[in-house]
Each structure stands twice: as structure tokens, then as C-alpha cells.
Number of protein chains: 2
Amino acid sequence: MEHKLDAIFAALADPTRRAILAMLLEDDMAVTDVAAPFAMSLAAISKHLGILADAGLIARERRGRVIWCKLEPDGLRAASVWMQGFGQMDVMDLDAFEAFLQTADAQGDHDDLENQSA
Amino acid sequence: MEHKLDAIFAALADPTRRAILAMLLEDDMAVTDVAAPFAMSLAAISKHLGILADAGLIARERRGRVIWCKLEPDGLRAASVWMQGFGQMDVMDLDAFEAFLQTADAQGDHDDLENQSA
DNA sequence: GCGATCGTCAACCATTTGGTTGAATATGCA
DNA sequence: TGCATATTCAACCAAATGGTTGACGATCGC
């Protein structure tokens with residue numbers, strides 16, 4: 001569990017990676033679309049996504065040519081549990097979080113993304 | 001606020017530094033006492049403490065020859081606020097946390113440490 | 001003042017990190 | 001089949017990280 005914390009906090013320590021997580025909070029995205037807003041190469045973004053995936057913060061799934069990235073709802077659990085000891089922070093309600101993500105997905109509120117990358 | 005997150009998460013990404021924070025959660029400590037349990041030089045620990053202080057996670061105060069290290073109760077706020085968006089996590093109750101630290105301090109439940117380093 | 005203790009500073013070193021580019025792999029389309 | 005798209009891989013580079021050692025500055029006790 002300790003080593004996981006290393007990877008999670010290290011992953012969160014980079015602003016590009018935090019921005020990627022924030023984007024994925026709104027929608028699942030293809031790698032190319034994740035990379036679009038950033039002033040760096042696709043390969044660099046691919047590396048960032050690898051780091052986020054290794055830390056368990058996102059999952060990647062290939063569908064045809066496109067690799068879709070989505071948040072891993074459980075990913076921040078170890079970090080939140082650790083931080084809990086330093087401020088009476090409530091543990092994340094991950095079940096509610098997962099339900100929220102699935103609901104958003106089912107409602108199809110990311111049509112724009114599906115269209116722009118299909 | 002962004003740059004603070006970089007520093008905070010980077011500081012938390014190291015197991016030595018997380019261990020130091022956990023030690024300081026129980027008691028304020030002198031640098032030498034912080035270093036004692038670790039298999040590395042005092043200079044290395046001093047660097048770690050500098051990183052924690054730069055991130056706003058601890059404060060150092062010189063009293064005589066000894067520099068006392070203590071948790072900075074507000075230090076994790078930016079990180080917890082950021083993480084809050086990823087799981088309906090409740091923001092830390094920092095006032096309660098600070099009150100808790102001061103209560104523990106007033107109760108003098110760290111005499112052992114004061115003795116071993118006086 | 002002197003010697004011991006506390007802690008940092010400076011220089012150095014190996015490893016990791018975050019980025020680049022160009023080639024390679026995998027899939028879809030015509 | 002053959003080309004375009006999507007993504008990763010490999011090699012490389014500069015800068016940051018985490019550690020070392022030895023010298024230095026502050027402070028205490030005698």
C-alpha cells in the first residue's frame with residue numbers, strides 16, 4: 001500500500017496530469033483528444049497517461065483504432081485514506097462517485113467528444 | 001494555487017517525508033529526533049524537512065540550539081480541496097484539526113520526546 | 001573562551017523525470 | 001492491397017531528485 005501512495009502522489013504532482021484527470025472527470029476521452037489542449041507532443045501525453053494508469057488513477061481501453069481513457073473511481077482511495085489521518089478528512093464515498101460517473105455516462109452528455117473523434 | 005499543489009503532492013510522494021509527517025502528527029520534534037529512526041544522514045533529513053516546509057506542510061522554529069518541527073495544520077488544505085472534486089470527498093475540518101493539535105500539546109503527552117532531546 | 005552539540009550549506013554523484021524526435025505497430029477505410 | 005489515422009516504443013537530452021560527505025555557523029555548558 002505504501003508503494004501505491006508513492007505512485008499516486010507522484011502522479012498528482014504534475015499539473016499536466018492533474019489537468020488530464022480534470023478533463024476525464026467530465027468525459028471519457030481518446031488519447032488524441034486528451035492531448036489536443038496541451039502544447040506538447042502526443043508521445044509526451046502518452047507517457048503521462050501511462051503514469052496515471054500505473055498509479056491506478058485511470059484505465060485505458062482500446063476500441064478499434066482509438067484508445068479510450070477514463071477515470072478509475074477507486075484510484076484515489078489509498079491517498080484519501082492516508083490523508084484522512086491528517087485532518088479528519090472524510091473518506092471518499094467511492095460508491096457514490098462510481099454511480100455518478102456511470103450516470104453521467106448513461107446520459108450521453110459527452111456526445112461532442114464522441115463525434116469529434118469517431 | 002496550482003504551483004502549491006505541485007509542491008504539496010511532490011512532497012507527499014516520498015515515503016520518508018510521509019513518515020516524518022506521521023511522526024509530527026503525534027508530537028512536535030527536534031530535527032535530530034526526526035532523523036533518528038531513518039537510515040540516512042542528518043543532512044538528507046534536513047533536506048526533506050526543507051521540502052516539507054516549502055510545501056507549507058510543516059513549520060520550523062528555532063529554540064536555542066534546537067530547531068523544532070511541527071505540522072502546519074493548514075498545509076494540506078489546497079490538496080484536499082483539489083481532491084474533493086474527485087470523489088465527493090469532504091473538505092478537511094481544519095479548525096477541528098488545529099484544535100486537536102493544540103489540545104494534544106497542552107496535555108503534555110509528548111514528555112518522552114522532550115526529555116530525550118533536551 | 002573551548003569544546004561538544006545541533007543543524008544547514010556546498011559540492012558532488014547516480015537515478016529519475018519530463019520532454020523531444022523518428023521509427024514501429026495496429027487498426028480502419030477505400 | 002495500400003494508405004491514412006491512432007498510439008506507443010526507443011533513443012536521446014536537460015533538469016530535477018535523493019542521497020553522500022565535509023566544512024561551516026550557532027548555541028549551550030563548563
Side-chain angles (χ1 to χ4, degrees), chain A residues 2-3 5-21 23-24 27-55 57-70 113-118, chain B residues 2-21 23-24 28-55 57-70 113-118:
Chain A
E2 270 294 306
H3 54 299
L5 287 175
D6 288 10
I8 293 171
F9 284 127
L12 296 180
D14 183 280
T16 299
R17 289 193 290 264
R18 287 196 308 275
I20 291 173
L21 290 177
M23 292 164 64
L24 293 178
D27 279 309
D28 297 354
M29 295 179 78
V31 174
T32 302
D33 295 327
V34 169
F38 297 100
M40 70 182 71
S41 69
L42 188 61
I45 296 295
S46 181
K47 277 196 195 178
H48 282 303
L49 291 171
I51 290 168
L52 289 169
D54 287 347
L57 297 177
I58 69 167
R60 286 175 295 183
E61 178 195 355
R62 167 154 238 145
R63 283 214 292 275
R65 267 189 301 192
V66 174
I67 295 182
W68 290 89
C69 307
K70 62 173 182 181
L113 259 177
E114 287 183 345
N115 291 340
Q116 87 185 42
S117 59
Chain B
E2 269 296 305
H3 54 299
K4 256 195 194 305
L5 287 175
D6 288 9
I8 293 172
F9 283 127
L12 296 179
D14 184 280
T16 300
R17 289 193 290 264
R18 287 197 308 273
I20 291 173
L21 290 177
M23 292 163 65
L24 293 178
D28 297 355
M29 297 180 76
V31 173
T32 302
D33 295 327
V34 170
F38 297 101
M40 70 181 72
S41 68
L42 187 62
I45 295 295
S46 180
K47 277 196 195 177
H48 282 303
L49 291 171
I51 289 167
L52 289 168
D54 287 346
L57 296 176
I58 69 167
R60 285 175 296 183
E61 177 194 355
R62 167 153 239 145
R63 283 211 294 275
R65 262 190 304 193
V66 175
I67 295 183
W68 291 89
C69 307
K70 62 173 182 181
L113 260 177
E114 286 182 346
N115 291 340
Q116 88 185 45
S117 59

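Nothing here was measured: the structure is a model prediction, and the numbers come from that model. A, B, ... follow the sequence lines: proteins, then strands. Residue 1 opens every chain.
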Residues in side-chain contact (heavy atoms from CB on, under 4.5 Å) contact with [X], at least two apart in sequence or another chain:
{"X": "B/Lys70", "value": "B/Asp28, B/Ala59"}
{"X": "B/Arg65", "value": "none"}
{"X": "B/Ala44", "value": "B/Met40, B/Ser41"}
{"X": "B/Ala13", "value": "A/Phe9, A/Ala10"}

Identify the heavy atoms of [X] and [Y] that sit nearest to each other, and give their distance.
{"X": "A/Arg17", "Y": "A/Ala11", "answer": "NE-O, 2.8 Å"}
{"X": "A/Leu12", "Y": "A/Leu21", "answer": "CD2-CD1, 3.6 Å"}
{"X": "B/Ala55", "Y": "B/Ala7", "answer": "CB-O, 3.6 Å"}

Does the protein touch nucleotides 16-30 of chain D at the base, only the backbone, or not at all? Give it as B, S and - per nucleotide, heavy atoms under 4.0 Å.
--SBBB-----BS--
Five-pair end axes of the helix from C/dG7-D/dC24 to C/dA30-D/dT1 and the angle they enclose, rounded to 10°:
30°
Does a side-chain N or O of B/Ser46 approach OP1 or OP2 of C/dG7 to a distance below 4.0 Å, or not?
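No, outside the criterion.
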How many whole angstroms separate atom [atom1] of [X] from atom [atom2] of [N]?
{"X": "B/Phe9", "N": "C/dG18", "atom1": "CZ", "atom2": "P", "answer": "15 Å"}
{"X": "B/Leu49", "N": "C/dC6", "atom1": "CG", "atom2": "P", "answer": "15 Å"}
{"X": "A/Ile67", "N": "C/dG28", "atom1": "CD1", "atom2": "P", "answer": "12 Å"}
{"X": "B/Glu61", "N": "C/dC6", "atom1": "CD", "atom2": "C1'", "answer": "16 Å"}

Is there a side-chain contact between A/Asp14 and B/Asp6 (heavy atoms, below 4.5 Å)?
no
